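Here is the structure we will look at, set down as structure tokens.
What you are looking at is a predicted structure, and each value in this text was computed from that prediction instead of being measured. For the numbers below, each heavy atom of this structure counts, side chains included, while hydrogens, waters and symmetry mates do not.
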Amino acid sequence: MYIHINGVKYEAHENDTIIQVADRNDIRIPRFCYHKRLSIVASCRMCLVDVEGVKYPQPACSTIVSDGMKINTLNSATQEAQKNTMEFLLINHPLDCPICDQAGECELQDVSLEHGDYKSAYKELKRTVLDKDIGELVSTEMTRCIHCSRCVRFGEEVAGIKELGMTGRGENTKIETFINEGLSSQLSGNVIDLCPVGALNNSLYKYSARTWDLKQTSSVSSHDCLGSNIYYHTYKNEIKRCVPKENEEINLSWLSDNDRYGYEGISSTERIFYPMIRQNDNLEQTDFVTIANDFVSYLKEYSDNATAVMSAQSTCEEMYLFQKLLRDKDIHRIDHRSKECDFRYQDNYPIIPSFDCRLTDIYDFDNIVIVGANISKEFPIISVYIREAQKNKSTKVYSIATYEFEENFSIEKSEILNSVELEEFFGDRNHNLLSSIDKKKNNLVILGPSVTYLTNYSNILDNISKYSEAINAKLSLLGDQ
């Protein structure tokens, strides 16, 4: 199938919309309500384009292409339609760009510069909206809201919790939470990135820097084992905020709140900024020279019986120097597993535990068994994939854990077991809910980090491994660091 945009022929697929074909070919069409990962509502009308044979301009985000369709995104009909839409959107939008955190990266600024008029014909007073407290992480300036509904659709379709909704009609339309509750989803911070204006803002970043002063640095999340791609934005050598870096195989366009706000811990006053040494059963502050000398003397005295433990969240460089210093002194019992108590499994365990499949493979699984993990709280990015799998393939999810938690996706069956029962559950799998899983199907078993803290972890892991082999399932291991 081929269509013509501005006189040039482009290939299109069945059920493509005009805006999808245009985006693939770097043809700019302005938009506010449209987002490639959200449903289409065609409410803002900013993407109106001229289609040959159609009397009025059509919204590019919702118009399905047909073979031979001719579209013009540059002619006077398109420009006039977009200019008129821009005028209506700006009727109530306040002129507070100088104090708005979105200034410099605002979609409304960019589009109004290109498609707006140089002055407004609207002389009446602009409307105002009283802000409500929706939590400590996201601050609101809802007078700026243009009702694109991206935040509403995100909560319902991606986060799985419909926390924001649209109330009222016409000029009285407002985006707000239900029953005056705050945002509780572990993905709630993504509404900040989705908002095309400055209505939803990052509370921790607010008024701390200007966009054009920030330096952007690529990085990888250190708060879970998924490796979400992120950008750190720094000003005067201080991290001011963290935003998602799009990656189609990991975190898509999203970021969990732990990753988004976790940088706050770097400069927290609760951190230890000085070396501490125990004297008379109390930890007392000391200096680096003293602690270094004492450390060397202790190494000489206790090297035959010493054991070393380092945080799993330390950097690779720190870990390398730590083990090198110790092994040079013949200390070889070094570990990072500070929360575990059963290590019998380690001889047959991979040095680097793996998820055993790509996150995008989750879309193809028929059955997913989750053991000891609250996915929507601990690994919210995985919940996005599971929700999509349930939507497109009716994937069945089973949850087995030592305590009950809520998920943002549907659970087919669940069991709450103690550590002994959990071991027996996978040892006698023919007489429980797992017996219904067909080994001919595409199956996945996800093992969460909380199981590793149990005293019989080695036995549980052995039984789960045998069960995974019995149903031809991938066994994915999640770490807590």
>> Could you check whether any side-chain N or O of Glu52 sits under 3.5 Å from a backbone N or O of Met69, counting only pairs where one atom can act as donor and the other as acceptor?
In response: no
>> Are the side chains of Thr140 and Leu200 in contact, using a 4.5 Å heavy-atom criterion?
In response: yes
> So, Asp438 side chain and Lys440 main chain: donor-acceptor pair closer than 3.5 Å or not?
Replying inline: yes
> Could you state the interatomic distance from OG (Ser253) to NZ (Lys36), rounded to the nearest 0.5 Å?
Replying inline: 5.0 Å
> Hey, are the side chains of Met166 and Glu176 touching, using non-hydrogen atoms and a 4.5 Å cut-off?
Replying inline: no
> Which atom pair, heavy atoms only, marks the closest approach of Cys106 to Pro196?
Replying inline: SG-O, 3.6 Å
> Would you say the side-chain atoms of Ser149 pair up with the backbone N or O of Val152, donor to acceptor, closer than 3.5 Å?
Replying inline: no
> Can you find a side-chain donor-acceptor pair between Asn6 and Thr73 that sits under 3.5 Å?
Replying inline: yes
>> Is it the case that the side chains of Ser267 and Glu238 hold a donor-acceptor pair, with the cut-off being a distance below 3.5 Å and no angle test?
In response: no
>> I'd like to know if Arg37 and Glu248 make a salt bridge, using a cut-off of under 4.0 Å between side-chain N and carboxylate O.
In response: yes
>> Ring centres under 6.0 Å, that's the criterion: do Tyr363 and Tyr385 meet it?
In response: yes
>> Is it the case that the side chain of Ser203 and the backbone of Ser139 share a donor-acceptor pair, with hydrogens and angles ignored and the cut-off at 3.5 Å?
In response: yes
>> Tell me whether Asn190 contacts the main-chain N or O of Leu255 through its side chain, where contact means a donor paired with an acceptor under 3.5 Å.
In response: yes
>> Quick one, Lys245 and Ser218 - any side-chain contact, counting heavy atoms below 4.5 Å?
In response: yes
>> Applying side-chain contact (heavy atoms from CB on, under 4.5 Å) to Val65 and Thr17, what does each step give before you reach the verdict?
In response: CA-CA 6 Å; Val65 299; Thr17 61; 6.0 Å; no
> Does atom CG of Leu125 have more than 12 heavy-atom neighbours from other groups under 6.0 Å away?
Replying inline: no
>> With heavy-atom distances below 4.5 Å as the criterion, would you say the side chains of Tyr457 and Leu422 are in contact?
In response: no
>> If you apply the rule side-chain hydrogen bond (donor to acceptor under 3.5 Å, both in side chains), what do you find for Asn84 with Arg45, and how did you get there?
In response: CA-CA 10 Å; Asn84 291 338; Arg45 318 306 282 182; over 6 Å; no
> Hey, are the side chains of Ile464 and Tyr467 touching, using non-hydrogen atoms and a 4.5 Å cut-off?
Replying inline: no
> Met46 and Gln82: which non-hydrogen atoms are nearest, and at how many Å?
Replying inline: CE-O, 3.3 Å
> Looking only at heavy atoms, which two atoms of Ser311 and Met319 are closest? And how far apart?
Replying inline: O-CE, 3.3 Å
> Any side-chain heavy-atom pair from Leu444 and Lys474 closer than 4.5 angstrom?
Replying inline: yes
> Which residue, Ser399, Ser376, Ser414, forms the side chain to side chain donor-acceptor pair (under 3.5 Å) with Glu407?
Replying inline: Ser376
>> Between Arg150 and Glu107, does the salt bridge (charged side-chain N to carboxylate O under 4.0 Å, His left out) criterion hold? Intermediate values first, please.
In response: CA-CA 13 Å; Arg150 284 186 185 180; Glu107 294 178 45; 3.3 Å; yes
> Is there a side-chain contact between Met86 and Phe32, using heavy atoms and a 4.5 Å cut-off?
Replying inline: yes
>> How close do Met142 and Asp131 get, counting heavy atoms only, and between which atoms?
In response: N-OD1, 2.8 Å
>> Could you check whether Lys413 makes a cation-pi contact with Tyr398, meaning its NZ or CZ is under 6.0 Å from the centre of the six-membered ring and within 45° of the ring axis?
In response: no
> So, the side chain of Asn229 versus the backbone of Gly227: is there a donor-acceptor pair under 3.5 Å, distance only?
Replying inline: yes
> Counting distance only, does the side-chain N/O of Asp96 pair as donor-acceptor with the main-chain N or O of Ile99 below 3.5 Å?
Replying inline: no
> Cationic tip of Arg241 within the cone over Tyr205's six-membered ring, i.e. under 6.0 Å and within 45° of the normal?
Replying inline: yes
> So, Asp23 and Arg31, do they make that salt bridge, N to O below 4.0 Å?
Replying inline: yes
> With a 3.5 Å cut-off and no angle check, do the side chains of Asn72 and Asp50 form a donor-acceptor pair?
Replying inline: no
>> Donor-acceptor pair, distance only, cut-off 3.5 Å: does the side chain of Arg144 make one with the backbone of Gly198?
In response: yes
>> List the residues meeting side-chain hydrogen bond (donor to acceptor under 3.5 Å, both in side chains) with Asn251, not counting sequence neighbours, and say none if there are none.
In response: none
>> Run the salt bridge (charged side-chain N to carboxylate O under 4.0 Å, His left out) test on Glu141 and Lys206 for me, step by step, so that the C-alpha distance in whole Å, both residues' side-chain angles and the decisive distance to 0.1 Å come before the verdict.
In response: CA-CA 12 Å; Glu141 294 285 348; Lys206 195 173 183 180; 3.5 Å; yes
> Excluding sequence neighbours, so at least two apart, what forms ring-ring contact (aromatic ring centres under 6.0 Å, His included) with His233?
Replying inline: none
>> Looking at Arg358 and Asp364, is there a salt bridge between them, counting it only when a charged N and a carboxylate O are closer than 4.0 Å?
In response: no
> Are any of the side-chain nitrogens in Asp366 or Lys393 under 4.0 Å away from the carboxylate oxygens of its partner?
Replying inline: yes
> Would a line drawn from the ring center of Tyr403 to the ring center of Phe405 be shorter than 6.0 Å?
Replying inline: yes
>> Quick check: do Leu478 and Ile382 have side-chain heavy atoms less than 4.5 Å from each other?
In response: yes
>> Keeping Asp193 on the side-chain end and Trp254 on the backbone end, is there a donor-acceptor pair under 3.5 Å?
In response: no
>> Using side-chain hydrogen bond (donor to acceptor under 3.5 Å, both in side chains), reason through Ser188 and Asp257 one step at a time and then give a plain yes or no.
In response: CA-CA 7 Å; Ser188 64; Asp257 287 354; 2.8 Å; yes
